[in-house]
Amino acid sequence: MAICEGSWRRSLLVQVRHGSARRLVVVRVNRYLTVPAMAGVLVAALVAPAFAAPQTPKPKPTLTLHVSDRSLLVGSPVTVAGRASKGSVLVTRYKGVSSTRRLAAGRFQRTVKPGQGKTTFFLKNGRYRSRTVRVQTNPVTTCTPLKDPTDEAVWTDLSTVGSQLAKNIAALICSAADGATIDIKSWFIEPGDPDTDLILADLALMHTYHHVTVNVLIGQQIYEVSSSLNWDKATAALRTFATLSSCYRGCVSSDPAAIPHSKWMTVSATRWGPPAVLSTSANWTREQWRGTRESGLYLYDDQPLYAALVTHFNAMVACGSGTCPTPDIVTGWVPDGDGNALYLAPQPTDGLVDALSNLTCVPGGEIDGMSLFLHDAALTNQLSRLQSEGCAIHLLLEHPPAQGLIESFAPMCRIQHDKGLIIDTGAGVSEAVFGSQDFSVNAAALSDNAMIASTSPEIVAQYRTFFTQASAGESPCVSAPTPSVAVAEATDG
């Protein structure tokens with residue numbers, strides 16, 4: 001300590017050490033400063049903080065953020081991930097309302113399902129914040145379902161303008177529940193037609209946006225013999241959304257005359273819960289949507305028929321790959337306990353013949369039939385017997401039968417493709433049996449076909465109305481060369 005005198009005051013120069021830091025403190029006092037007062041000044045100087053060493057600035061918090069998807073559908077998850085320092089929070093803002101979640105230091109990952117619209121995320125730590133990440137959540141793409149799925153119905157085509165049957169098939173596809181399975185069996189499918197393309201587009205939509213599994217089984221042989229069908233075009237369209245299988249001949253039959261002729265679809269679960277079944281006469285092609293008469297029978301919540309068709313579908317897929325199971329087909333008529341039953345060909349006996357052989361007609365009864373042709377002696381015999389007992393027989397065919405059958409049954413002929421019987425014995429039995437089987441021996445004994453019989457008064461009445469409309473105004477068949485069954489089946493479908 002040194003004291004420097006002035007004219008009227010003294011100065012004290014004090015060197016103060018504080019750790020490794022030093023500083024000089026100059027204390028100016030007047031000449032009358034007492035010893036106790038000077039001591040107080042010195043104590044104050046000694047306890048004053050020393051000059052601090054240069055401090056390293058506090059590091060900026062680590063705040064990195066990214067999302068797994070910036071545009072997604074409602075209900076789909078998005079992953080929010082990144083890295084954050086201690087004390088950071090994740091801020092989520094949706095529709096003007098913010099919520100926060102405190103994060104542990106280090107890497108983090110959160111899975112959220114944003115609501116429809118825009119959701120923003122950012123990290124915050126004190127006065128620091130990360131960049132804002134935005135996620136746009138869009139409505140799930142949908143298509144138009146059936147208006148009332150519980151109404152079992154006959155869907156028909158009579159118009160040459162647009163196919164109501166195709167529109168209803170598309171609506172049934174759009175009625176599938178998220179995650180459902182749709183199995184489709186057809187002889188052939190021909191893309192490029194507006195009605196077919198509508199169905200294919202809805203299948204693709206349901207597969208993409210609603211996680212519906214689509215399985216399709218078609219015959220391959222027809223594409224090799226028909227110049228109007230293109231295998232590469234069909235398979236390219238189907239494989240974008242479906243597991244595609246194919247088979248030759250009758251799938252479960254190796255006979256060269258057999259064909260995989262059935263046309264049906266099953267839906268494992270609808271939006272309303274239960275499964276659905278559709279059996280039709282139509283392949284998915286322009287000619288059959290708008291050039292012929294077709295029908296489809298839609299059944300809702302029919303577990304026995306659904307299970308039988310799925311079992312059969314899987315057997316046919318296996319047969320197409322060369323690993324046919326044993327047994328490979330559901331045998332006999334499969335009843336559902338509610339007035340419906342399913343028959344799958346080939347079988348040892350003809351299901352249509354079986355259906356007629358157990359009947360007895362009385363005067364006033366009526367049997368209406370639809371087929372491409374009539375070439376089945378056993379079926380013809382049953383029709384003749386029932387006619388002799390009193391039933392009126394009305395047939396709508398595409399190919400004229402033999403002259404003797406023209407004289408016996410006076411059939412009507414026109415371009416039409418449906419296959420089935422509408423039965424009213426006049427003695428209390430009322431039934432409709434429709435599907436893919438024509439009135440021929442091969443159709444029952446060799447080829448793959450499916451028929452559904454129903455005693456529902458509503459279904460029988462709808463088929464009767466359809467038959468009346470389909471045959472209205474037509475002329476009786478006239479004699480013409482009868483094509484061979486194999487040729488007719490292989491070309492007319």
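The shown structure was predicted, so the numbers you read here are calculated from the model rather than taken from an experiment.
Annotation: the span from Leu421 atom CG to Leu356 atom CG amounts to 5.5 Å, rounded to 0.5 Å. His261 contributes atom NE2, which lies 4.5 Å from atom NZ of Lys419 (distance to the nearest 0.5 angstrom). Rounding to the nearest 0.5 Å places CD1 of Ile169 at 3.5 Å from CH2 of Trp289. Atom CG in Asn283 sits 4.5 Å away from atom CD in Gln288 (nearest 0.5 Å). Of the inter-residue distances, the one linking Tyr300 atom OH with Asp151 atom CG reads 10.5 Å to the nearest 0.5 angstrom. Between atom CD of residue Gln220 and atom CG of residue Leu244 there is a gap of 9.0 Å, rounded to the nearest 0.5 Å.
Arg464 and Glu366 are joined by a salt bridge, as a carboxylate oxygen and a charged side-chain nitrogen come within less than 4.0 angstrom of each other. Salt-bridge annotation for Arg290 and Asp195: present, with a side-chain N of the basic residue lying under 4.0 Å from a carboxylate O of the acidic one. No salt bridge links Asp255 with Arg249; every basic N to acidic carboxylate O contact stays at or beyond 4.0 Å.
One N or O on the side chain of Asp157 and one on the backbone of Gln164 form a donor-acceptor pair closer than 3.5 Å. Between the side chain of Gln221 and the backbone N or O of Gly250, no donor-acceptor pair lies under 3.5 Å. In this structure a side-chain-to-backbone donor-acceptor pair under 3.5 Å is present from His210 to Thr141. Judged by distance alone, with hydrogens and angles left aside, the side-chain atoms of Tyr94 form a donor-acceptor pair with the main-chain N or O of Gln116 at under 3.5 Å. Between the side chain of Glu398 and the backbone N or O of Gln416, at least one donor-acceptor pair lies under 3.5 Å. No side-chain donor-acceptor contact under 3.5 Å links Asp424 to the backbone of Gly365. Side-chain atoms of Ser436 come within 3.5 Å of backbone N or O of Ala450 as a donor-acceptor pair. Looking at Ser226, its side chain never comes within 3.5 Å of a backbone N or O of Tyr223 through a donor-acceptor pair. Between the side chain of Asn138 and the main chain of Leu73, no donor-acceptor pair closer than 3.5 Å is present. Between the side chain of Thr455 and the main chain of Gly339, a donor-acceptor pair closer than 3.5 Å is present.
Of the two cysteines examined, Cys319 and Cys251, the SG atoms fail the criterion of being under 2.5 Å apart.
Side-chain contact between Asp301 and Pro275 is present, with at least one heavy-atom pair separated by less than 4.5 Å. Using a 4.5 Å cut-off on side-chain heavy atoms (C-beta onward), Val441 and His375 make no contact. Considering only heavy atoms from C-beta on, Val267 stays 4.5 Å or farther from Ser175 through its side chain. Contact check for Thr380 versus Phe439: no side-chain heavy atoms found under the 4.5 Å cut-off. Counting only heavy atoms from C-beta outward, the side chains of Leu386 and Ile367 approach each other to under 4.5 Å. Using a 4.5 Å heavy-atom cutoff, the side chains of Arg414 and Ser471 are not in contact. The shortest side-chain heavy-atom distance between Leu359 and Gln382 does not fall under the 4.5 Å cut-off. The closest side-chain heavy-atom distance from Met412 to His394 is not below 4.5 Å.
Scanning for side-chain contact (heavy atoms from CB on, under 4.5 Å) contacts around Ser245 gives Leu217, Val317, with sequence neighbours left out.
Within the structure, every pair that satisfies the salt bridge (charged side-chain N to carboxylate O under 4.0 Å, His left out) test and touches residues 446-456, not counting sequence neighbours, is listed here: Lys185-Asp448.
Between the side chains of Glu294 and Thr292, a donor-acceptor pair is found at a separation under 3.5 Å. When only modelled atom types and interatomic distance are considered, Thr150 and Asp148 share a side-chain donor-acceptor pair under 3.5 Å. No side-chain donor from either of Trp272 and Thr270 sits under 3.5 Å from a side-chain acceptor of the other. A donor-acceptor contact under 3.5 angstrom links the side chains of Asn340 and Ser454, judged on distance only. For the residue pair Gln437 and Asp350, a side-chain donor N or O sits within less than 3.5 Å of a side-chain acceptor on the partner. Counted by atom type alone, Ser456 and Glu458 present one or more donor-acceptor pairs between their side chains at under 3.5 Å.
Across every non-hydrogen atom of Ala269 and Ala180, the tightest pair is O-CB, 3.4 Å. The nearest pair of heavy atoms linking Val334 to Leu305 is O-CD1, 3.6 Å. The minimum heavy-atom distance between Leu309 and Val277, with the atom names listed, is CD1-CG1, 3.5 Å. For the residue pair Pro114 and Val112, the shortest heavy atom distance occurs at CD-O, 3.5 Å. For the residue pair Asp328 and Val252, the shortest heavy atom distance occurs at O-CG1, 3.6 Å. Heavy-atom minimum distance, Ser279 versus Ile452: CB-CD1, 3.6 Å.
In this structure, the ring of Tyr463 has its center less than 6.0 angstrom from the ring center of Phe434.
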Might you work through the side chain to side chain contact (heavy atoms under 4.5 Å, CB included) test for Trp155 and Ser295, ending with a clear yes or no? CA-CA 5 Å; Trp155 297 339; Ser295 72; over 6 Å; no

From CA spacing to verdict: side chain to side chain contact (heavy atoms under 4.5 Å, CB included), Met206, Cys143: CA-CA 8 Å; Met206 295 300 291; Cys143 50; 3.9 Å; yes

Step by step, would you call Thr156 with Val154 a side chain to side chain contact (heavy atoms under 4.5 Å, CB included)? CA-CA 6 Å; Thr156 62; Val154 179; 3.7 Å; yes

Notebook entry, point to check: Can you list the steps and then say if Asp418 with Ser281 is a side-chain hydrogen bond (donor to acceptor under 3.5 Å, both in side chains)?
Noted result: CA-CA 5 Å; Asp418 215 342; Ser281 60; 3.3 Å; yes

Under the side chain to side chain contact (heavy atoms under 4.5 Å, CB included) rule, what do Leu278 and Leu297 come out as? Steps first, then yes or no, please. CA-CA 6 Å; Leu278 175 67; Leu297 176 57; 5.7 Å; no

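Sparse packing is recorded around OH of Tyr209, with 12 or fewer heavy atoms of other residues, nucleotides or ligands lying under 6.0 Å away. Open room surrounds CZ on Arg93; 12 or fewer heavy atoms of other groups in view lie less than 6.0 Å from it.
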